[in-house]
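Each chain gets a letter, A, B and so on, in the order the sequences are listed, and its residues count up from 1. Here the structure is a predicted model, which means the values were calculated and not measured.
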Protein chains: 4
Amino acid sequence: MNSDTENYARRGQLIEAAKEEFLEKGYNKASLRSICAKANMTTGALYFFFKNKEDLFDEIVSKPLEELKAILAEHFEEDKEFMTKITDISEGDIDHSDISDKIVDHIYSNYDSFLLLLSGSENTVFENCVDEFVDLTEKSFIQMMDESLKRMPGCEIDRYMSHWLAHITVDAFIHEIKHDKNVETARVRLRNIMNYLVHGWVTLTIVKK
Amino acid sequence: MNSDTENYARRGQLIEAAKEEFLEKGYNKASLRSICAKANMTTGALYFFFKNKEDLFDEIVSKPLEELKAILAEHFEEDKEFMTKITDISEGDIDHSDISDKIVDHIYSNYDSFLLLLSGSENTVFENCVDEFVDLTEKSFIQMMDESLKRMPGCEIDRYMSHWLAHITVDAFIHEIKHDKNVETARVRLRNIMNYLVHGWVTLTIVKK
Amino acid sequence: MNSDTENYARRGQLIEAAKEEFLEKGYNKASLRSICAKANMTTGALYFFFKNKEDLFDEIVSKPLEELKAILAEHFEEDKEFMTKITDISEGDIDHSDISDKIVDHIYSNYDSFLLLLSGSENTVFENCVDEFVDLTEKSFIQMMDESLKRMPGCEIDRYMSHWLAHITVDAFIHEIKHDKNVETARVRLRNIMNYLVHGWVTLTIVKK
Amino acid sequence: MNSDTENYARRGQLIEAAKEEFLEKGYNKASLRSICAKANMTTGALYFFFKNKEDLFDEIVSKPLEELKAILAEHFEEDKEFMTKITDISEGDIDHSDISDKIVDHIYSNYDSFLLLLSGSENTVFENCVDEFVDLTEKSFIQMMDESLKRMPGCEIDRYMSHWLAHITVDAFIHEIKHDKNVETARVRLRNIMNYLVHGWVTLTIVKK
DNA sequence: GATGAATGAGTGTTCATTCAT
DNA sequence: AATGAATGAACACTCATTCAT
């Protein structure tokens with residue numbers, strides 16, 4: 001028990017040191033030597049706790065990332081169900097405040113991890129994680145529109161625009177996290193931005209065939 | 001003449017090889033040895049043509065970048081003059097098609113250079129070049145609004161939103177270049193997007209004090 | 001214990017190899033590759049024990065040098081106190097045998113280090129260490145003469161000559177170390193030389209204004 | 001004729017540029033590229049005028065050095081003849097002013113060359129040229145004393161001391177050239193120093209068997 | 001569990017020299 | 001007589017990773 005606790009503590013030191021180093025230098029330029037030194041550990045010790053450099057990075061960013069994915073998946077599922085119940089998209093304007101707040105809260109609860117993911121994950125399996133969110137967002141949108149499009153003959157979705165708007169949507173969160181550390185401010189701003197983007201979804205993505 | 005052509009060719013080979021390597025791996029991870037090998041040259045030869053790694057990168061991206069800056073500077077100057085002549089912003093809606101096309105054309109004429117600048121310039125003097133364009137764009141916008149704001153007492157500009165919109169504006173071009181190699185398509189799309197963004201400038205950035 | 005001894009031994013091998021290489025080629029031309037090869041080590045291993053090339057050099061010469069400085073500082077302090085007690089410089093001729101012996105003993109106890117310092121420290125922080133000793137020596141002399149000069153109106157010190165004599169004094173030790181490995185012989189010779197130099201201090205450095 | 005003159009001029013430019021570079025960086029660290037650039041020449045051109053790096057260095061220092069050797073050789077020859085004519089060394093005190101002045105004048109007429117020889121000739125065939133002068137000086141002294149020693153039974157020369165004094169003698173010139181650019185001052189100082197050194201020759205080098 | 005020593009391939013850069021033209 | 005392009009080995013230094021202890 002005692003040694004378990006100790007190990008846990010040492011592992012934690014390593015993770016904290018790694019966060020610091022990765023945030024400062026990015027994945028590529030971060031030095032394991034330097035991380036171990038910061039954590040008052042030898043280089044060899046690191047390899048007891050983690051498989052390699054990427055595994056250490058993974059440890060920091062993986063869980064918060066998966067959780068965010070789960071939050072989104074759940075939301076998209078709800079949206080899907082919602083869409084089957086309504087008959088017209090303009091009828092009940094979708095309120096994004098709820099999901100927007102949830103995302104903001106989660107990101108800001110794992111501030112360092114997401115900053116790392118967004119700015120320092122080059123040469124990592126996570127380097128394209130933003131793209132994944134963009135894809136998820138776009139798919140969700142398209143799925144939501146499909147029902148409505150049935151009632152709009154002669155119209156289709158411009159995939160470039162839907163992709164760009166998904167990109168902008170995700171990017172708004174990234175921009176926020178990079179420019180403001182205060183979660184309250186972030187919430188308000190992102191609600192406004194999400195509302196503005198709704199216009200985009202309607203005016204830019206739905207085009208005549 | 002013959003040897004001039006040859007020299008020019010070898011230098012060109014080097015630049016082409018460098019483009020390839022830099023695009024593939026980014027500035028940091030690109031290896032001069034690898035570049036020289038691709039260009040069928042020894043490492044020493046590179047240093048006859050270029051001062052160092054950064055100079056080689058510079059050779060690829062610097063000129064197109066400076067030209068783009070010049071195009072923007074000229075445009076912003078025209079905008080400034082234009083604003084002094086009109087009395088109301090809504091009166092003559094600004095047409096962005098012209099500048100948008102110019103930018104697109106220039107970027108697509110130097111496709112690789114801009115791709116490099118945007119994706120692989122970390123640890124280079126160019127690593128913040130996007131920020132520079134965002135700043136330029138925002139300044140230009142604020143300058144354009146200043147006159148109108150005088151006739152809108154009780155209103156001011158939300159600097160976060162103006163910054164974000166400038167960011168989105170610049171990002172739209174970046175997104176385009178990364179997703180589509182066809183200049184014609186790019187022109188059309190960006191005109192549409194620019195028009196959509198005008199709404200943003202008005203609805204998001206002008207707020208009550 | 002065993003591994004401690006081994007580690008110590010490997011570090012020692014490196015230092016010995018470095019001494020050899022530095023003595024043979026000087027700091028600049030010495031090759032770390034060559035040093036590591038001599039010590040049956042890879043180049044990377046060196047960087048476990050030492051920060052860089054200069055740190056390795058430092059390890060060899062720094063301690064003996066600092067110790068010599070301390071010996072001199074102590075001696076000069078004693079001289080200073082001594083001078084305040086006597087009334088005439090010719091009255092009690094200063095005996096340099098003691099300090100001369102101390103210096104010789106210290107240098108010969110760290111023979112290689114001083115040889116290195118004197119002949120192979122170009123491009124090192126130590127490259128001007130001889131000048132430092134010359135300055136120290138000259139300052140000490142001038143300080144010693146100041147009291148006597150008060151009783152010799154119309155006289156002053158010729159700074160060029162005092163500097164040259166300080167230079168010769170220091171140089172005598174250097175010359176000795178470079179030409180004779182036997183400490184006993186060195187002691188006797190340097191006593192004689194120091195005595196001869198005393199004449200110089202009196203006849204060359206004190207001049208009429 | 002014309003092209004000969006041109007070549008001569010280009011060669012001269014190269015030598016001047018080389019002097020500058022060698023003086024600044026020493027032989028080892030001097031870069032032929034840099035020298036050629038200073039002389040507005042291509043690297044290849046240098047190899048038309050000079051065999052290699054050392055040959056270029058040679059060109060700068062060799063002639064003045066040989067001339068100095070000739071001056072000394074002549075002087076030592078005169079001394080030798082002089083010694084055979086006198087019966088006692090104390091009888092006619094040797095006046096060193098003449099030779100000292102000659103040496104000083106020659107050195108100061110080729111200031112840069114000698115500075116180079118003394119400070120920047122490491123890794124050159126000239127790196128030990130000082131030793132040669134010391135040897136010459138010592139030999140000359142011993143030769144001068146031999147006659148006198150015949151009349152001083154039981155006495156011999158202490159070779160260490162004679163060597164050291166020769167070293168000091170030569171070093172006095174070196175010290176002077178490094179510390180003073182004015183030839184007049186140099187002349188006066190070196191006469192004084194030479195006189196002081198005569199004492200050394202007598203008191204330190206002649207010892208009882 | 002953890003150490004610390006060691007690896008070995010890798011980095012950008014410099015250099016005197018060569019040689020076809 | 002001179003160019004300028006090219007060589008290729010050398011340099012100090014860094015790194016993630018390994019492994020006997």
Side-chain angles (χ1 to χ4, degrees), chain A residues 3-4 6-7 10-11 28-36 41-56, chain B residues 1-4 6-11 14 27-36 39-56, chain C residues 1-4 6-11 14 27-36 39-56, chain D residues 3-4 6-7 10-11 28-36 41-56:
Chain A
S3 76
D4 276 12
E6 269 173 35
N7 286 347
R10 289 174 66 83
R11 214 182 117 97
N28 281 318
K29 294 221 144 192
S31 153
L32 294 189
R33 263 177 181 65
S34 173
I35 289 171
C36 291
M41 234 159 281
T42 54
T43 53
L46 189 149
Y47 284 85
F48 171 72
F49 294 110
F50 303 97
K51 230 181 77 212
N52 53 29
K53 194 182 186 179
E54 183 129 17
D55 189 35
L56 174 58
Chain B
M1 200 57 143
N2 188 5
S3 79
D4 274 16
E6 267 175 36
N7 294 345
Y8 189 76
R10 309 248 319 153
R11 209 185 119 100
L14 218 31
Y27 180 77
N28 280 318
K29 291 226 144 188
S31 154
L32 295 189
R33 269 173 181 70
S34 167
I35 290 171
C36 290
N40 281 108
M41 238 162 277
T42 53
T43 55
L46 189 150
Y47 284 85
F48 175 76
F49 294 108
F50 302 97
K51 233 181 76 215
N52 51 32
K53 194 181 187 182
E54 183 129 18
D55 189 36
L56 175 58
Chain C
M1 198 58 141
N2 188 3
S3 78
D4 274 15
E6 267 175 35
N7 294 343
Y8 189 77
R10 307 240 331 144
R11 209 185 121 100
L14 217 31
Y27 180 78
N28 279 317
K29 291 226 143 189
S31 154
L32 295 189
R33 268 174 181 69
S34 167
I35 290 172
C36 290
N40 281 108
M41 235 162 279
T42 54
T43 55
L46 189 149
Y47 285 86
F48 174 75
F49 295 108
F50 303 98
K51 233 180 76 214
N52 52 30
K53 194 181 187 182
E54 183 130 19
D55 189 36
L56 175 58
Chain D
S3 76
D4 276 13
E6 268 175 33
N7 286 346
R10 289 173 67 80
R11 214 182 117 99
N28 281 317
K29 295 221 144 189
S31 152
L32 293 189
R33 261 177 181 64
S34 171
I35 289 170
C36 291
M41 233 160 280
T42 53
T43 53
L46 189 149
Y47 283 84
F48 171 71
F49 295 110
F50 303 97
K51 230 179 77 211
N52 54 28
K53 194 181 188 182
E54 183 129 17
D55 189 35
L56 174 58

Residue list, side-chain hydrogen bond (donor to acceptor under 3.5 Å, both in side chains) with Thr43(D), at least two apart or on another chain
none

Using 0.5 Å steps for rounding, measure from the CG atom of Leu56(A) to the CZ atom of Arg11(A).
9.0 Å

Mind calculating the distance between CZ (Phe50(A)) and C1' (dT18(F)) to the nearest angstrom?
18 Å

Which residues pass the side-chain hydrogen bond (donor to acceptor under 3.5 Å, both in side chains) test with Ser31(D), not counting sequence neighbours?
none

So how far is it from Ile35(B) CD1 to Met41(B) CE, rounded to the nearest 0.5 Å?
11.0 Å

Do you know which two heavy atoms are closest between Lys53(D) and Asn28(D), and how far apart they sit?
NZ-O, 3.2 Å

May I have the distance from Ile35(A) (atom CD1) to dC15(F) (atom P), rounded to whole angstrom?
11 Å

Name all residues meeting the side chain to side chain contact (heavy atoms under 4.5 Å, CB included) criterion together with Asn52(D); count only those two or more places apart in sequence or in a different chain, and write none if there are none.
Tyr47(D), Glu54(D), Asp55(D)

Please report, rounded to the nearest Å, how far the P atom of dG4(E) is from the CZ atom of Arg11(C).
14 Å

Range-with-range stems of DNA chain E (Watson-Crick or G-U pairs under 3.5 Å, three or more in a row):
E:2-21 with F:2-21

If I compare all heavy atoms of Leu46(C) with all of Leu14(C), which pair ends up nearest, and what's the gap?
CA-CD2, 3.9 Å

Heavy-atom protein contacts under 4.0 Å, nucleotides 7-14 of chain F, coded B base, S sugar-phosphate only, - none:
BBBBBBBB

For Thr42(C), which residues count as a side-chain hydrogen bond (donor to acceptor under 3.5 Å, both in side chains) partner, sequence neighbours excluded?
none

